[in-house]
Amino acid sequence: MRKQKTFYITTPIYYVNDVPHIGHAYTTIAADVLARYKRLRGYETFFLTGTDEHGQKVQQAAVKQGLDPQAHADRMVTAFKELWKRLTISNSDFVRTTEDRHKWIVQYVLRELKDRNLLYQAAYEGWYCLPDERFWAGNEVVDGKCPECGRPVEHISESNYFFKMSAYRDRLIQHIRKHPGFIQPESRRNEVLGFLDRPLEDLCISRPRARLSWGIPFPFDPDYVTYVWVDALVNYISVPGYGSDDRRFKKWWPADIHLVGKDILTTHAVYWSTLLMALGLDLPKTLFAHGWWTVNGEKMSKSLGNVVDPNAMAAEYGTDAFRYFLLREVPFGQDGDFSKQAMTGRYNSELANDLGNLFSRTLTMIEKYSGGAVPKPHPKAVKADDRRMAARAGKLYKSVGGEMDRFAFHRALLEIWTLVDSANRYVEQNAPWDLAKDPKKRPRLDTVLYHLAETIRILAIYLFPFMPTTAQRMITEIGSTAQLDHALKPWDYQWGKLKPARAVQKGRPLFPRMEAPATIPKQETVASATLSKEIRMESTQTEPSLITIDDFRKLELRVGRVVTAEKVAGADKLLKLSVDIGTETRQIVAGIAKKYIPEELIGKSVILIANLKPAVIRGIESRGMILAAGDKEVEALATFIEPVQPGLRVK
RNA sequence: GGCGGCGUAGCUCAGUGGUAGAGCAGGAGAAUCAUAAUCUCUUGGCCGGGGGUUCAAGUCCCUCCGCCGCUACCA
């Protein structure tokens with residue numbers, strides 16, 4: 001008997017310091033798509049996700065809320081579990097690092113490392129910021145101050161356990177060179193190799209209990225808890241049975257793929273790989289680092305208040321449409337931008353118009369012209385056009401499979417859409433409404449309608465990993481009894497398997513068209529973007545990055561009208577402006593000369609911070625500041641949609 | 001600073017040394033089964049600048065400009 005093919009896929013376990021956002025959703029959805037795809041193709045699949053619950057930040061967050069760390073973690077875990085349910089995530093298990101089954105194995109791993117003589121005790125030295133309870137590397141410290149809070153740091157030395165990571169540097173480099181697919185995408189692989197070009201140091205894997213108690217105790221030294229990364233990474237082997245169930249562990253390890261965000265690639269590529277080497281275990285077959293999402297072109301952050309809530313998106317667009325967008329919009333591995341405009345654009349044109357409408361028109365025609373049952377095709381009425389459709393559908397098995405196996409989700413969807421597009425063209429070219437007018441053309445009409453129905457059945461199979469609910473609906477409404485959350489037989493993918501004569505059941509549109517979001521007036525985005533930038537600067541000082549309305553009120557923002565503008569001699573970026581703010585005319589120096597020529601600014605309304613401390617720039621006094629969008633270079637001045645009086649308060 | 005990558009249509013990007021492409025957006029038309037959804041045709045490029053190799057360069061080499069990523073022990 002042939003051995004059952006297996007597939008083991010993981011997401012990172014998510015740190016419970018944060019509520020789930022689009023980044024968490026992205027990784028997990030991608031993993032779910034792969035898991036469903038593999039199951040459909042007959043692989044026994046183990047799909048693991050979970051939560052990482054120990055460590056300093058969790059402890060701090062819990063203390064802040066007056067909670068026990070475990071209680072805090074319990075609360076956060078619910079948010080993740082509920083989100084995965086809502087996003088139809090089909091994980092096989094959900095691990096929490098606070099569970100005994102995991103803690104136990106982490107201790108087993110530590111003992112194993114100790115027995116193999118791979119641990120030693122030494123002093124960990126570094127600059128420590130006491131209020132932040134955080135270490136900083138020498139090059140991160142700015143003038144002896146903490147780069148995060150600006151308070152002085154002290155050089156301290158504490159005893160810790162170190163893992164002899166440095167010993168594995170060469171082996172790891174060799175492994176990465178020998179297995180080009182180990183780290184993907186290739187650019188990330190190069191980064192890791194670049195990282196390994198430099199000396200690799202040993203890894204400090206303990207924390208003194210006196211400083212941090214929320215962690216897994218060292219089994220052989222009660223004064224220490226385990227460094228969270230070691231704790232967390234071990235989940236990939238603790239759950240499938242390392243140290244507890246050899247047979248099960250052999251079945252699943254090495255993992256086929258660890259899916260991670262690009263921010264945690266190094267920890268996986270280096271810490272995890274060397275730990276596995278130390279334990280004498282195989283490395284995972286693939287480590288794939290995907291990109292990050294920005295929102296409306298901006299970095300997502302709490303202080304900007306633009307964090308995308310996956311729950312809200314699923315509620316607004318539907319889970320399947322949200323899943324589709326995330327995987328279709330951006331080549332997997334690259335960064336992407338999320339915006340409601342882009343989301344709605346793809347939703348309407350690809351899901352509602354192309355796919356949803358194809359489905360709708362097909363079912364309607366079967367109802368109208370065929371009494372509501374899938375007609376039987378007539379062999380003699382089959383034409384070249386039909387054979388082309390069947391051939392196109394047949395090609396998807398390989399082409400979609402190839403792209404999926406390369407983790408090129410957007411290309412897999414493009415492949416699937418070639419069939420959607422062909423089907424819409426097929427409808428136009430064969431015009432069933434014309435065939436229906438002539439009873440003699442009945443065989444041809446039946447054949448055309450069957451081909452459309454069968455195309456939909458096949459589309460549903462390929463769409464299932466991406467949009468499970470929609471795909472199953474398509475299958476059911478077209479009159480098939482197939483269940484897509486099970487492995488299909490190879491012949492199920494073949495043309496002609498849809499049984500005729502079954503009644504179709506047309507339901508609500510798959511994807512009702514949506515109103516495009518009103519385009520955000522440019523000025524509005526600009527103003528808020530620039531404002532937030534100011535706020536961001538301040539907010540890095542304090543722990544909760546939100547400001548209160550009172551903080552905001554400290555800014556005296558006023559409408560100004562530019563009266564004169566001239567270049568500042570000897571400075572290529574500066575303009576000297578005089579700005580009418582109603583009660584007076586202010587002289588302001590602004591760094592906008594690369595973008596605007598002085599003449600075109602005269603008469604323009606701008607937003608001015610009126611209570612900014614005056615500054616002297618290039619010997620010219622500047623009393624205030626005008627708002628503009630841009631990071632390093634100014635891209636646009638903030639102004640107003642309606643004409644406004646100078647001096648008016650902006651709030 | 002070091003290492004790596006990118007710069008092609010309004011936007012997002014594809015492009016093995018051999019006549020510059022797709023999707024979206026824009027323009028024109030056809031059709032009426034369909035969620036006004038579809039289908040056909042179409043406008044639009046000093047391929048970042050300069051230099052070189054070659055019969056031939058978006059593609060190879062050099063250089064400049066611009067943008068981005070990595071540069072570990074908080075997760």
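Quick caveat: nothing in here was measured; it's all calculated off a predicted structure. Reminder, nothing fancy here: chain letters follow the sequence lines and each chain counts from 1.
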Donor-acceptor pair under 3.5 Å: do we get one between A:Asn357's side chain and the base of B:A34? yes
Donor-acceptor pair present, A:Glu201 side chain and B:C73 base, under 3.5 Å: yes
Please answer whether the main-chain N or O of A:Ser159 pairs with a side-chain N or O of A:Tyr224 as donor and acceptor at a distance below 3.5 Å. yes
Looking at side-chain heavy atoms only, is the closest gap between A:Met343 and A:Phe338 below 4.5 Å? yes
Please name all residues satisfying ring pair (Phe, Tyr, Trp, His ring centres under 6.0 Å) with A:Tyr324, sequence neighbours left out, ordered by chain then number. A:Trp417
Using the ring pair (Phe, Tyr, Trp, His ring centres under 6.0 Å) definition, which of the options A:Tyr14, A:Phe94, A:Tyr15 pairs with A:Phe80? A:Tyr14
Counting heavy atoms from C-beta on, name the nucleotide in B:A37, B:G69, B:U32 closest to the side chain of A:Arg513. B:A37
Classify A:Arg207 by what it touches in the nucleic acid, base, sugar-phosphate, or nothing, heavy-atom distance under 4.0 Å. sugar-phosphate
With no hydrogens and no angle check, is any side-chain donor or acceptor of A:Thr362 less than 3.5 Å from a backbone partner on A:Leu358? yes
Only pairs with both distances under 3.5 Å count, Watson-Crick or wobble alike; so what is the partner of B:U53 in this structure? none
May I ask you to say what A:Pro512 touches in the nucleic acid, namely base, sugar-phosphate or nothing, with a heavy-atom cut-off under 4.0 Å? base
Could you work out the separation of B:C70 and B:A36 based on their P atoms and round it to a whole Å? 46 Å
Could you identify the nucleotide paired to B:U35, looking across every strand shown and requiring Watson-Crick or G-U wobble geometry with both distances under 3.5 Å? none
Nearest to the side chain of A:Lys368, heavy atoms from C-beta on, is which of B:U71, B:C33, B:C13? B:C33
Regarding the side chain of A:Tyr227, the nearest nucleotide among B:U32, B:U71, B:C73 is B:C73
Looking only at atom C1', what distance separates B:G50 and B:G18, rounded to whole Å? 25 Å
Hey, does A:Leu510 reach any base, or is it just sugar-phosphate, or nothing, if we go heavy atoms under 4.0 Å? base
What is the distance from CD of A:Glu191 to P of B:A72, rounded to the nearest Å? 12 Å
After noting the C-alpha distance and the side-chain angles of A:Asp231 and A:His102, does the key distance pass the side-chain hydrogen bond (donor to acceptor under 3.5 Å, both in side chains) rule? CA-CA 9 Å; A:Asp231 172 352; A:His102 172 76; 2.8 Å; yes
Okay, side chain of A:Gln184, backbone of A:Gly181: is any donor-acceptor separation there less than 3.5 Å? yes
In terms of side-chain heavy atoms of A:Arg361, which of B:C33, B:G69, B:C13 is nearest? B:C33
Identify which nucleotide among B:U35, B:U71, B:G69 has an atom closest to any side-chain atom of A:Phe195, counting heavy atoms from C-beta outward. B:U71
Distance check, P atoms only: B:G26 and B:A14, in whole angstrom units. 24 Å
Would you indicate what A:Tyr369 reaches in the nucleic acid, counting non-hydrogen atoms under 4.0 angstrom: base, sugar-phosphate, or nothing? sugar-phosphate
For B:A37, measure the glycosidic angle (O4'-C1'-N9-C4 for a purine, O4'-C1'-N1-C2 for a pyrimidine) and name it syn if it falls within 90° of 0, otherwise anti. syn
When the P atoms of B:G44 and B:G27 are compared, how many Å lie between them, rounded to an integer? 15 Å
Whether the side chain of A:Asn430 engages the backbone of A:Pro432 through a donor-acceptor N/O pair (distance < 3.5 Å, no angle test) should be reported. no
Within less than 4.0 Å of OP1 or OP2 of B:U38, is there a side-chain N or O belonging to A:Asn353? yes
So what does A:Pro199 hit on the nucleic acid, given a heavy-atom distance under 4.0 Å: a base, only sugar-phosphate, or nothing? base
Gap between atom CG of A:Leu283 and atom CZ of A:Arg171 - 0.5 Å precision: 8.0 Å
On RNA chain B, more 5' by nearest nucleotide between A:Ile264 and A:Asp434 is A:Asp434
Pairing partner of B:U16, by Watson-Crick or G-U wobble and under 3.5 Å for both distances, is none
P atom, B:G1 versus B:C64: distance in rounded Å? 12 Å
With rounding to the closest Å, how many angstrom separate the C1' atoms on B:C61 and B:U54? 12 Å
Keeping A:Arg96 on the side-chain end and A:Glu53 on the backbone end, is there a donor-acceptor pair under 3.5 Å? no
Nucleotide B:C3, atom P - distance to CZ of A:Arg188 in whole Å: 19 Å
What residue among A:Phe332, A:Phe325, A:Tyr26 forms ring pair (Phe, Tyr, Trp, His ring centres under 6.0 Å) with A:Phe409? A:Phe332
Counting heavy atoms from C-beta on, name the nucleotide in B:C39, B:U35, B:C33 closest to the side chain of A:Trp433. B:C33
Using Watson-Crick geometry (N1-N3 plus N6-O4 or O6-N4) or G-U wobble (N1-O2, O6-N3), each under 3.5 Å, B:C73 is paired with none
Expected output: side-chain A:Arg169 to main-chain A:Asp197 donor-acceptor under 3.5 Å: yes
What contact category does A:Leu200 fall into here, base, sugar-phosphate, or nothing, at under 4.0 angstrom with non-hydrogen atoms? base
Select one nucleotide: of B:U40, B:A34, B:C70, the one nearest the side-chain heavy atoms of A:Thr364. B:A34
Give me the distance, rounded to whole Å, that separates B:C13 from B:A20 when you measure between the C1' atoms they each carry. 14 Å
From C-beta outward on A:Arg198, which listed nucleotide comes closest to its side chain: B:C70, B:A72, B:C39? B:A72
CD1 of A:Ile183 versus C1' of B:A72: gap in Å, rounded? 14 Å
Produce the list of close N/O pairs, under 3.5 Å, pairing protein atoms with atoms of nucleotides 59-61 of chain B; give distances to one decimal.
none

Heavy atoms only, 4.0 Å cut-off, all strands: where does A:Asp52 land among base, sugar-phosphate and nothing? sugar-phosphate
Once base and sugar-phosphate atoms are separated, protein heavy atoms under 4.0 Å mark nucleotides 21-30 of chain B, 5' to 3', with B, S and - as ----------
Heavy-atom nearest nucleotide on RNA chain B taken for A:Leu212 and for A:Arg425; more 5' hit belongs to A:Arg425
Determine the Euclidean distance between corresponding P atoms of B:C60 and B:G7; express it in Å to zero decimal places. 11 Å
Interatomic spacing from OG1 in A:Thr344 to CG in A:Leu351 - rounded to 0.5 Å: 11.0 Å
Taking the side chain of A:Cys204 as heavy atoms from C-beta outward, which of B:U35, B:A34, B:C73 is closest to it? B:C73
So what does A:Gly55 touch, heavy atoms closer than 4.0 Å: a base, only the sugar-phosphate, or nothing? nothing
